[in-house]
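Keep in mind that what you see is a predicted model, and the values were worked out from it rather than measured. Sequential numbering from 1 along the given sequence is applied to the chain's residues.
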Amino acid sequence: MLVVNALLMQLSHGTPDLTTRTNVCSTIQGTPGVPGNNGLHGRDGRDGREGPKGEKGDTGSLGQRGVQGPPGKMGPEGPQGKPGLLGTKAAPCDMSRVEALEAGLSTLQNNFNKLEKVLQLLQVKKVGQTHYATDGRVMNFESACKKCQTIGGLLAMPKTEEENKVIHDFVSFYQNPAFLGISDEKKEGSFEYITKGSVTYTKWSRGEPNDHKGKEDCVEIVSSGFWNDKNCGEQRLVVCQF
């Protein structure tokens with residue numbers, strides 16, 4: 001209404017000039033318009049000057065333990081420590097137990113040595129708790145006995161038909177008669193085992209023993225499985241028993 005009244009007053013006094021009209025409009029406040037949209041962000045301004053140093057913050061939490069570094073150089077030798085306290089007196093050593101252990105160890109060693117030598121033989125057969133073995137070599141009676149003793153055995157002495165058959169199998173395989181651990185060297189006609197004692201089992205061939213020419217004091221088992229008295233100096237297959 002104020003605008004309208006102002007215009008009427010101007011008209012009553014004549015036509016106003018352009019300058020006067022402009023002044024009149026500029027003094028009249030219009031209704032506010034609708035706010036416009038926000039403009040685009042401007043560019044970042046330059047960094048400001050460094051501010052004053054702030055107060056020291058609180059201590060942070062302890063971090064994880066780092067990897068162990070390499071060992072340092074050895075330090076100087078320290079002073080000698082004080083002598084320790086005197087220990088309690090030990091119980092007296094039971095030498096009987098020590099001696100028993102040493103004896104057992106010696107026995108095991110001997111058995112191992114014997115077994116090692118037995119394994120050198122090529123043929124091994126077992127009857128009951130007795131093993132019979134040979135490597136196919138031939139020797140005279142005395143050497144055959146020593147060879148078997150060296151490896152912890154004895155020249156074979158069959159005391160049953162089954163044991164005699166095992167020795168006979170060796171004879172058949174090597175096609176060579178074998179000496180037995182039996183002789184009548186001490187008393188003619190009285191055959192004994194080399195371990196002493198009269199013979200309890202025999203398997204003589206027909207007409208044997210005959211002590212041919214008075215020089216047959218040892219016993220051999222031949223290809224038939226039967227026995228024959230023989231000169232002890234002859235070379236025969238060596239069969240040991242263990």
Side-chain angles (χ1 to χ4, degrees), residues 103-242:
L105 181 61
S106 178
T107 300
L108 287 174
Q109 184 64 51
N110 291 335
N111 291 340
F112 177 78
N113 292 339
K114 291 177 182 178
L115 179 61
E116 188 176 30
K117 293 176 181 178
V118 170
L119 292 176
Q120 296 174 1
L121 304 176
L122 300 179
Q123 296 277 347
V124 179
K125 294 181 180 292
K126 181 181 180 182
V127 178
Q129 298 300 315
T130 305
H131 291 79
Y132 296 88
T134 181
D135 60 359
R137 297 182 184 182
V138 296
M139 296 180 180
N140 61 38
F141 181 77
E142 183 179 359
S143 298
C145 288
K146 289 181 179 179
K147 177 178 176 60
C148 291
Q149 290 175 353
T150 299
I151 58 178
L154 295 168
L155 195 60
M157 297 173 287
K159 297 180 180 179
T160 65
E161 181 64 27
E162 187 178 8
E163 293 175 349
N164 194 79
K165 182 180 183 304
V166 168
I167 303 170
H168 177 228
D169 289 342
F170 289 140
V171 170
S172 299
F173 181 83
Y174 289 102
Q175 297 184 356
N176 205 339
F179 272 131
L180 301 179
I182 300 171
S183 75
D184 66 345
E185 289 181 303
K186 290 186 176 180
K187 184 179 178 180
E188 181 59 38
S190 180
F191 287 90
E192 293 181 341
Y193 296 115
I194 56 176
T195 55
K196 311 300 180 184
S198 300
V199 175
T200 57
Y201 165 85
T202 61
K203 194 168 185 178
W204 295 108
S205 297
R206 182 177 298 179
E208 300 297 341
N210 61 6
D211 192 27
H212 183 62
K213 295 183 180 181
K215 296 181 180 180
E216 295 183 335
D217 294 326
C218 291
V219 181
E220 65 176 356
I221 177 173
V222 296
S223 59
S224 63
F226 286 89
W227 298 2
N228 174 50
D229 56 343
K230 197 68 177 177
N231 188 314
C232 297
E234 296 286 343
Q235 300 286 309
R236 292 295 182 263
L237 182 67
V238 180
V239 178
C240 303
Q241 72 176 47
F242 304 89

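Separation of atoms CZ (F170) and CD (Q123) is listed at 6.0 Å; rounding is to 0.5 Å. The structure places CZ of F226 at 10.5 Å from OG1 of T202, a figure rounded to the nearest 0.5 Å. Atom CD of residue Q235 and atom CE of residue M139 lie 8.5 Å apart, to the nearest 0.5 angstrom. Atoms CG and CZ, on N176 and R137 in that order, are 14.5 Å from each other to the nearest 0.5 Å. Distance check: Y193 OH to L155 CG gives 13.0 Å after rounding to the nearest 0.5 Å.
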### Task
Go through K186 and K196 one step at a time and tell me if the side-chain contact (heavy atoms from CB on, under 4.5 Å) criterion holds.
CA-CA 11 Å; K186 290 186 176 180; K196 311 300 180 184; 2.3 Å; yes

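Remark: S143 pairs with N140 by the side-chain hydrogen bond (donor to acceptor under 3.5 Å, both in side chains) rule, at least two apart or across chains. For E185, the side chain to side chain contact (heavy atoms under 4.5 Å, CB included) criterion is met by F141, S183, D217, C232, not counting sequence neighbours. For S190, the side chain to side chain contact (heavy atoms under 4.5 Å, CB included) test picks out K187, with sequence neighbours left out. Shown here are the side-chain hydrogen bond (donor to acceptor under 3.5 Å, both in side chains) partners of K203, two or more places apart in sequence or in another chain: E161. Not counting sequence neighbours, S198 has no partner by the side-chain hydrogen bond (donor to acceptor under 3.5 Å, both in side chains) test. Every residue two or more places apart in sequence or in another chain was checked for a salt bridge (charged side-chain N to carboxylate O under 4.0 Å, His left out) with K126, and none qualifies. In this structure, the side chain to side chain contact (heavy atoms under 4.5 Å, CB included) partners of V127, at least two apart in sequence or on a different chain, are Y132, E162, E163, V166. With sequence neighbours excluded, the residues that form a side chain to side chain contact (heavy atoms under 4.5 Å, CB included) with S172 are H168.
When the shell of 6.0 Å around CD of E188 is examined, it contains more than 12 heavy atoms from other residues, nucleotides or ligands.
Of all heavy-atom pairs spanning V238 and K147, the tightest one is CG1-CD, 4.3 Å.
Counting heavy atoms from C-beta on, the side chains of V222 and V171 never come closer than 4.5 Å. When side chains are defined from C-beta on, V219 does not count as touching F179, because their heavy atoms never get closer than 4.5 Å. Residues I194 and Q149 are not in side-chain contact: their nearest non-hydrogen atoms beyond the backbone lie 4.5 Å or more apart.
For residues 219-242, the set of pairs meeting the salt bridge (Lys or Arg N to Asp or Glu O under 4.0 Å) definition, not counting sequence neighbours, comprises E220-R236. Listed by first and then second residue, the disulfide (SG to SG under 2.5 Å) pairs that reach into residues 133-217 are C148-C240, sequence neighbours excluded. The disulfide (SG to SG under 2.5 Å) analysis of residues 152-204, with sequence neighbours excluded, yields no pairs.
Remark: of the listed residues I167, V199, V239, I167 is the sole one forming a side chain to side chain contact (heavy atoms under 4.5 Å, CB included) with L180. Evaluated for a side chain to side chain contact (heavy atoms under 4.5 Å, CB included) with F242, the options L154, T130, I151 yield exactly one hit, I151.
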Side-chain atoms of residues 204-216: list all donor-acceptor pairs with protein atoms under 3.5 Å, sequence neighbours left out, distances to 0.1 Å.
from	atom 1	to	atom 2	distance (Å)
S205	OG	W227	O	3.1
E208	OE1	N210	N	3.3
N210	OD1	H212	N	3.3
D211	OD1	K215	N	3.4
D211	OD1	E216	N	3.0
E216	OE1	H212	N	3.0

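Here the side chain of Y201 pairs no donor or acceptor atom with the backbone of M157 at under 3.5 angstrom.
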